[in-house]
Amino acid sequence: MSIGYACQTIGIPNTSSKNCTLKNANEEKLYQIISYNLDSLDHILNYNINNGIKLFRISSDLIPFASSPANTLEWWNLFQAKFIELGDKIKKHNIRVSMHPGQYTVLNSPNTDVVYRAIKDLEYHNRVLDSLKVGKNHKLVLHIGGIYNDKEQAMLRFITNFKTLDQRIKDRLVLENDDKLYNIKDVMEIASQTNSPVIFDNLHHKINPCNDLRDEFSWIQECKCTWEQEDGNQKMHYSEQNPLKRLGSHSNTINAEVFFNFYNNINREDIDIMLEVKDKNLSAVKCINAVSKEKSIKNLELEWSKYKYLVLEKSHEDYNSIRKLLKEKDNYPVIPFYNYIDHAMEKESAVGGSVNAAQHVWGYFKECATEKEKKLFESKLSSYTEGKISLLPVKKLLWQLTNQYQQNYLLDSYYFADVIETI
DNA sequence: CACCGTCAAGTCGCA
DNA sequence: TGCGACTTGACGGTG
């Protein structure tokens, strides 16, 4: 059983992706962007390896305009060595990767141009996975598409167009229920014709259920049968509704207890769960810890070291509660621990808490920083207190000092997540 | 420097 | 018939 996240990280340096507009796209620019994105992917893989995350979705933005005539680069040749290096790393560490062409890749459109572009896009995605030389258990996830006033015909068109695809693409494709048009029953029906494995998405199912009384766990079990030996373990998507946004919007974070119960209800080891959530890797680590068999408080202490100063900034009350919670070294209070973290993270930072946390972080440099650096920090912090600047420049300075003086305890801190986002 | 609209992709739903 | 929502970083323009 693996738990993973999609496309991007939070709070991890050198893992961002770049893109460009069609207008600015040229060979040199595209080359640089691809090179940058492949390096970022490398750093993401390193992070995943170091944090025991074995499931990851590679962003479709890896190669900009890859399925468009605007990109004339033979990127699979130009970066062949890098792809092989990345693929070796993936295989060596037993990571399962996937890709997920977005909502604009529509294989069942009545418009032949749209279908042509969809096929080009599937070829692109498959080419990335082929370039990594990873097996057929590393999947391409696809939705069915539109309805165009005639669902039956639209489903048939999907099946017909699917059959024209290259065998290597067919072998990788897996089909997912969506939140509007094709429910899990529809997808199962189509998949039985295309011989494709099916991804069950729990939130899509909640929003777009089928006229069938079976609960989500029965459907998960049903979907298992569509996964054959060479497809690898069954995969599913798990997400929770953001209560403040429109129906279908992913939550900011996964609730540890809700996930724990869901996972225990599935009660199987041979399933991989892709989380779709705003805080990405943070929730992946959270969910891994929530269901971990190794119930050691050391894992929570490691998490605490990363969240600590952000929690201190947002909520001194939760900060104190967590400190108290972690004093009992024989316990593994994973659910209350993350409940306090979530509670703190929901809060907006106030000036008092922000100053307090910044001063705590500054404490790491009290001994080593020069007088000039000290002056700079104090002046930035008072500018912030006086409302002249935002908190970001203060954190940027602390981040720079963290790197300069290699303060290991701070290097992995989520306190700097918003700074890292701007680099 | 901060903020906002636009861009790319395709479909659906609502004026 | 046409526009907003969905997604996300780049980019150009305004204050």
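Throughout, protein chains are lettered first and strands after them, A, B, ... in sequence-line order, and every chain is numbered starting at 1. As the structure is a prediction and not an experimental result, all values here were calculated from the model.
Going from atom CG of A/N242 over to atom P of C/dT7 covers 11 Å, rounded to whole Å. To the nearest angstrom, P of B/dT11 lies 13 Å from CG of A/L142. Here C/dG9 presents its P atom at 17 Å from CD1 of A/I63, a figure rounded to the nearest Å. In this structure, the CD atom of A/Q153 is 16 Å from the P atom of B/dT11, given to the nearest Å. We find that NZ of A/K278 is positioned 10 Å from P of C/dT7, with the value rounded to whole Å. One atom, NZ of A/K180, and another, P of B/dG10, lie 17 Å apart when rounded to the nearest Å. Atoms CG (A/D179) and P (B/dG13) sit 12 Å apart, rounded to a whole Å. Note: NE2 (A/H143) to P (C/dT7) measures 11 Å, nearest angstrom.
The phosphate of B/dA8 (OP1 or OP2) has no side-chain N or O of A/Y104 nearer than 4.0 angstrom. At the phosphate of C/dA5, neither OP1 nor OP2 sits under 4.0 Å from any side-chain N or O atom of A/R246. A sub-4.0 Å separation between OP1 or OP2 of C/dG9 and a side-chain N or O of A/Q8 is present. The phosphate of B/dA9 has neither OP1 nor OP2 within less than 4.0 Å of any side-chain N or O from A/S68.
Comparing A/L392 and A/L22 by the nucleotide of DNA chain B whose heavy atom lies nearest to each, the residue mapping closer to the 5' end is A/L392. Nearest-nucleotide positions on DNA chain B for A/I147 and A/P393 put A/P393 closer to the 5' end.
Using a 4.0 Å cut-off between a side-chain N of Lys or Arg and a carboxylate O of Asp or Glu, A/K375 and A/E378 do not qualify as a salt bridge. Salt bridge absent: A/K18 and A/D61 never bring a charged side-chain N and a carboxylate O closer than 4.0 Å.
Among the heavy atoms of the strands lying under 4.0 Å from A/S109 are primed sugar atoms or P, OP1, OP2 only; no base atom is included. Residue-level contact check: A/Y148 touches the backbone only, with heavy atoms under 4.0 Å from sugar-phosphate atoms and none from bases.
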What string of B, S and - do you get for nucleotides 10-15 of chain C, 5' to 3', if B is base contact, S is sugar-phosphate-only contact and - is no contact with any protein heavy atom under 4.0 Å? SS----
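With respect to A/Y338, the side-chain hydrogen bond (donor to acceptor under 3.5 Å, both in side chains) criterion is satisfied by exactly one of A/H343, A/E257, A/E303: A/E303.
Taking a 6.0 Å sphere around CG of A/N149, one finds it holds 12 or fewer heavy atoms contributed by other residues, nucleotides or ligands.
Remark: the backbone N or O of A/G146 is paired with a side-chain donor or acceptor of A/N108 at under 3.5 angstrom.
A donor atom on one side chain and an acceptor atom on the other are not found under 3.5 Å apart for A/N195 and A/K170.
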Between A/L142 and A/F162, is the side chain to side chain contact (heavy atoms under 4.5 Å, CB included) condition met? List the steps. CA-CA 11 Å; A/L142 186 67; A/F162 182 98; over 6 Å; no
